[in-house]
2 protein chains.
Amino acid sequence: MSIDRRSGCPINLSLEVFGDRWSLIILRDMIFGGKRHFRELLNSSLEGIASNILADRLKRLMELGLLTKADDPSHKQKAIYSLTEMAITLVPIMAQLGAWGRVWLPVTEELSIRAELLEKGGPPLWEQFMDELRHEHLGLPSKTPPDTPTVRQQLRAAYEEVVARKAEAPSV
Amino acid sequence: MSIDRRSGCPINLSLEVFGDRWSLIILRDMIFGGKRHFRELLNSSLEGIASNILADRLKRLMELGLLTKADDPSHKQKAIYSLTEMAITLVPIMAQLGAWGRVWLPVTEELSIRAELLEKGGPPLWEQFMDELRHEHLGLPSKTPPDTPTVRQQLRAAYEEVVARKAEAPSV
DNA sequence: CAATCCGATTGCATTTTGCAATCAGTTGCA
DNA sequence: TGCAACTGATTGCAAAATGCAATCGGATTG
């Protein structure tokens, strides 16, 4: 599959890649949720993606060069999807989208705390996160010291803290 | 019209606003092209938007709070569309989208020079541009000195320089 | 050996899209 | 006055995309 090529404008071409309601959602779940398998993406999807759409988009994202697929050695039927460098460099776009949505749209607190953290961390934190993703998905050596908490751990901890706080002190 | 609200995730909600093939294109033409009228948007569109889709998206963007519409005093039928603050703050997203597309997609040189300039200028240039847009669309006083060239003028000059250069020295 | 899980695929109704034609009112010009 | 051009749209229709449930054959687990 190649994109339509309505015009050579970079914004248009970017839209042709993920100007739909699902592609970026899938990439979000892989980047921030660490999801690598079909079923993980299908069942954990907050937005309830249908399996045929998921299959179609995974295929499309592979054809566009954003994902690769490999056999999972632990299970002959399992496939592991990996992000390519092209997909990993979407992190700044995701961060900006999250920051904008957090300001202007009716987000929930527990789902926006990660966007807030990512926004406050700024480009240095994005770089660290991309470095981790390159390690995870491309097998590259990580440049961050091994004793520092990973960005995903930080995001997860912040999310769980909000959830716990809201559970013990439910809003009126 | 309100958005679907599949989930309260900021990235999802942002996608529900412009996760389609046309909304951001229209906003791009208004932000970077300075287009304010229906016909301008219809006829200048590189990607060839259809008039019913344009009408539908303008209506939708107004309902979502990204645009406002006002009568044009010079012509009883003309409507002037204006960006709201919500739309103006999309500039960083546009810049990131352009930067990403420029690296990974088959952009043309003349259409990507603006993205390059915007990327190199970074957040300070984005701020100046948003300041200009607030002046243009919201009537706010501009903070930038009146003798400095506007960002849109800079972008336009860079574009025209590339076009001129390519015309006099056509590629083989 | 049955239940469950794996990554999909199929069929079908609904919705969205792309495209061309058209609309009624306004303007500019002869 | 007459008429062409232009204004922001709307309509009709075919094609494509989407949402949803059911299902597939193979692999694994208990």
Side-chain angles (χ1 to χ4, degrees), chain A residues 1-7 12 15-26 29-30 33 35-64 66-82, chain B residues 1-7 12 15-27 29-30 33 35-64 67-82:
Chain A
M1 181 180 308
S2 75
I3 54 185
D4 270 4
R5 210 112 168 49
R6 301 185 294 190
S7 85
N12 170 59
L15 276 181
E16 296 197 20
V17 170
F18 35 71
D20 75 277
R21 292 169 98 65
W22 292 112
S23 298
L24 266 190
I25 292 288
I26 294 169
D29 287 346
M30 290 188 68
K35 305 295 159 56
R36 307 289 297 264
H37 299 291
F38 189 95
R39 288 285 159 171
E40 277 182 313
L41 289 163
L42 186 66
N43 296 331
S44 75
S45 164
L46 281 175
E47 290 84 14
I49 190 169
S51 65
N52 56 345
I53 305 283
L54 176 58
D56 179 80
R57 290 304 187 282
L58 287 172
K59 186 177 150 206
R60 188 178 128 90
L61 290 171
M62 281 191 288
E63 286 165 345
L64 290 172
L66 288 145
L67 298 180
T68 57
K69 183 161 92 165
D71 291 338
D72 184 332
S74 78
H75 189 305
K76 285 191 180 170
Q77 272 183 317
K78 269 189 178 171
I80 299 184
Y81 292 92
S82 297
Chain B
M1 180 180 309
S2 74
I3 54 184
D4 269 4
R5 211 115 168 45
R6 301 186 295 191
S7 84
N12 170 59
L15 276 181
E16 295 196 21
V17 170
F18 35 71
D20 74 277
R21 292 170 98 65
W22 292 112
S23 299
L24 266 190
I25 292 288
I26 295 169
L27 292 166
D29 288 345
M30 292 188 67
K35 306 295 159 55
R36 308 288 297 264
H37 299 290
F38 189 94
R39 288 283 159 172
E40 278 183 310
L41 288 163
L42 186 66
N43 297 331
S44 73
S45 164
L46 281 176
E47 291 83 14
I49 190 169
S51 66
N52 56 345
I53 305 283
L54 175 58
D56 178 82
R57 290 304 187 282
L58 287 173
K59 186 176 150 209
R60 186 178 129 91
L61 289 170
M62 282 191 287
E63 286 166 345
L64 290 172
L67 298 180
T68 57
K69 184 162 91 165
D71 291 339
D72 185 331
S74 77
H75 188 304
K76 285 192 179 169
Q77 273 183 318
K78 268 189 178 173
I80 299 184
Y81 292 92
S82 297

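Below, chains carry the letters A, B, ... as their sequence lines are ordered, and counting in each starts from 1.
- Following rounding to the nearest Å, B:E47 (CD) and C:dC19 (P) show an atom-to-atom distance of 13 Å.
- In this view, B:D20 and B:S23, B:R57 satisfy the side chain to side chain donor-acceptor pair (under 3.5 Å) rule, not counting sequence neighbours.
- Rounded to the nearest 0.5 angstrom, A:N12 CG and A:E16 CD are separated by 4.5 Å.
- Atom CD in B:E16 sits roughly 13 Å away from atom P in C:dT16 (whole-Å rounding).
- Separating the CD1 atom in A:I26 from the CD atom in A:E47 is a distance of 10.5 Å, to the nearest 0.5 Å.
- Note: A:S51 OG to A:N43 CG = 10.0 Å, rounded to the nearest 0.5 Å.
- We find that CD of A:E40 is positioned 9 Å from P of C:dC6, with the value rounded to whole Å.
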Heavy-atom contacts, protein to nucleotides 11-21 of chain D, under 4.0 Å, summarised as B (base), S (sugar-phosphate only) or - (none) per nt, yield BB-----SBB-
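- Put simply, CG on A:L41 is 9 Å from P on C:dG7, counting in whole angstrom units.
- The separation between B:L42 atom CG and D:dA5 atom P is 18 Å, rounded to whole Å.
- Expressed to the nearest 0.5 Å, how far CG of A:L61 lies from NZ of A:K59 amounts to 12.0 Å.
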What side-chain donor-acceptor pairs closer than 3.5 Å can you find for residues 66-74 of chain A, not counting sequence neighbours?
{"unit_1": "A:D72", "atom_1": "OD1", "unit_2": "A:S74", "atom_2": "N", "d": "2.8"}
{"unit_1": "A:D72", "atom_1": "OD1", "unit_2": "A:S74", "atom_2": "OG", "d": "2.9"}

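- Distance B:I25 CD1 to C:dT17 C1': 15 Å, rounded to the nearest Å.
- Shown here are the side chain to side chain donor-acceptor pair (under 3.5 Å) partners of A:K35, two or more places apart in sequence or in another chain: A:S44.
- Shown here are the side chain to side chain donor-acceptor pair (under 3.5 Å) partners of B:R36, two or more places apart in sequence or in another chain: B:S82.
- Nucleotide C:dG7 holds its C1' atom 12 Å from the CG atom of A:D71, rounded to whole Å.
- Distance, B:K69 NZ to D:dA9 P: 4 Å, rounded to whole Å.
- Contact of the B:I25 side chain with the B:I49 side chain is not registered, since no non-hydrogen atoms from C-beta on lie closer than 4.5 Å.
- Comparing B:R39 and A:R36, the nucleotide of DNA chain C nearest to each residue sits closer to the 5' end for A:R36.
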Just the atom pairs and distances: protein N or O near nucleotides 27-30 of chain C's N or O, under 3.5 Å.
{"unit_1": "C:dT27", "atom_1": "OP1", "unit_2": "B:K76", "atom_2": "N", "d": "3.0"}

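- When the side-chain nitrogen and oxygen atoms of B:H37 are compared with OP1 and OP2 of D:dG8, one or more of them lie within a distance under 4.0 Å.
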